[in-house]
Amino acid sequence: MNQAKHIAIIMDGNGRWAELQGKKRVKGHEAGAKVVKEITTYCSNNPEIERLTLYAFSTENWKRPRLEVEFLMKLLNTYLKNELAVYLQNNVRFEPIGDIRAFSKTLRETISMVQEKTAHCDGLVQSLALNYGSQDELLRAINSLKDSEEDITAQMLSNELDCKHDVDLLIRTGGDHRLSNYLLWQSAYAELFFVDTLWPDFKAGDLEKIIVDFTGIERRFGGLK
Ligand code: FPP
């Protein structure tokens, strides 16, 4: 039986959720942050799930209006500070992925603080992808290996990536059917689930149903039955 050890989610639809309610887009991000908490808690209570990797800010998201970007940065900072107690309570280790050098000193310090304070937790690993893009991650990894005297192997490359773990189940909410530069190497054999539900409406029960469907899929990893 398949085990969804590593679940990755593209949390899409915050803006449309807010607009549908006549609210500003940022209200959708606020509602989305609450869902991050619900889904993380659900996963931390499911011993089968080892990793949850969430796309929180992409290398392309800088193209959004300045005020929306600033709001997302503040929201991340507040979220991380507020959630520290919840991480500790649920034995969740926080491990960011992405190139956080582009963030403010304040946000970088909060990220490091939560990472350090949860380093001893040995339950679920929750990774937030922050200023993350798969192509950027691969380029950084390739550049770090470019002076290697031996031919680069898949294992060597994988070891240099921010996220070194294959994804079992990749979910995208919000109705679009694309990967948007997310965990492209790690998702080589992931099962992909695209759901129409907008992220702020996504519930732990929706994830549970997807996991049940995932469990029934025959995964062959390029081999035969
Ligand atoms: C996509 O919705 C979502 C994002 C750009 C970022 C995800 C952010 C959150 C879930 C909230 C903050 C997260 C944390 C961890 C505090 P969209 O704005 O592209 O939605 P749209 O497609 O409807 O416009």
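We count ligands from 1, going down the list as the structure has it; atoms in each ligand are counted the same way.
- The closest approach between a heavy atom of Gly174 and any atom of ligand 1 is not below 4.0 Å.
- For atom 12 (C) of ligand 1, the closest heavy atom belonging to the protein is Leu75 CD2, 3.7 Å.
- The protein heavy-atom contact nearest to atom 13 (C) of ligand 1 is Val36 CG2, 4.3 Å.
- The closest side-chain donor-acceptor pair between Asp12 and Trp199, if any, does not fall under 3.5 angstrom.
- Ala56 O, 3.2 Å is the protein heavy atom nearest to atom 6 (C) of ligand 1.
- Interface of Arg16 with ligand 1, defined as ligand atoms under 4.0 Å from a residue heavy atom, comprises 21 (P), 22 (O), 23 (O).
- Between Gly13 and ligand 1, an N or O atom pair is found at a separation short of 3.5 Å.
- If you check the side chains of Gln126 and Glu83, you find no donor sitting under 3.5 Å from an acceptor.
- Here Leu75 is tied into one hydrophobic group with Val26, Phe71, each link being a pair of ILVMFWY side chains closer than 4.5 Å.
- Side chain to side chain, Asp122 and Asn91 meet the donor-acceptor criterion of an N or O pair below 3.5 Å.
- Closest to atom 3 (C) of ligand 1 among all protein heavy atoms lies Met11 O, 3.1 Å.
- Ionic pairing of Glu68 and Arg25 is present here: one or more N-O contacts between side-chain nitrogen and carboxylate oxygen are shorter than 4.0 angstrom.
- When Glu83, Arg64, Glu60 are ranked by how near their heavy atoms come to atom 19 (O) of ligand 1, first place goes to Arg64.
- The protein non-hydrogen atom at the shortest distance from atom 14 (C) of ligand 1 is Leu76 CD2, 4.0 Å.
- Listed by number with element, the atoms of ligand 1 under 4.0 Å from a non-hydrogen atom of Asn61 are 5 (C).
- Counting protein heavy atoms only, atom 11 (C) of ligand 1 is closest to His29 O, 3.4 Å.
- Residues that satisfy the salt bridge (Lys or Arg N to Asp or Glu O under 4.0 Å) test with Glu60, not counting sequence neighbours, are absent from this structure.
- To the nearest 0.5 angstrom, Asp206 atom CG is 10.5 Å from Tyr42 atom OH.
- In terms of polar-atom proximity, defined here as any N/O pair under 3.5 Å, Tyr79 makes no such contact with ligand 1.
- Close contacts between ligand 1 and Ala33 involve ligand atoms 11 (C), 16 (C) [criterion: under 4.0 Å to a heavy atom].
- Side-chain atoms of Glu137 and Tyr132, non-hydrogen and from C-beta on, do get closer than 4.5 Å to each other.
- By the 3.5 Å distance cut-off applied to N or O atoms, Tyr55 is not counted among the residues near ligand 1.
- With a heavy-atom cut-off of 4.0 Å, Trp199 touches ligand 1 through its side chain alone.
- Residue-to-ligand polar distances place Arg25 within reach of ligand 1: an N/O pair is separated by less than 3.5 Å.
- Look at Lys23 and Glu19 and you find no salt bridge, because none of the NZ, NE, NH1 or NH2 atoms lies under 4.0 Å from a carboxylate O.
- Taking a cut-off of under 4.0 Å to the non-hydrogen atoms of Asp12, the atoms of ligand 1 that pass are 1 (C), 2 (O), 17 (P), 19 (O), 20 (O), 21 (P), 22 (O).
- In terms of protein heavy-atom proximity, atom 9 (C) of ligand 1 is closest to Asn14 ND2, 3.4 Å.
- Between the side chain of Ser127 and the main chain of Glu95, a donor-acceptor pair closer than 3.5 Å is present.
- Across all their heavy atoms, Gln135 and Asn181 have their closest contact at N-OD1, 2.9 Å.
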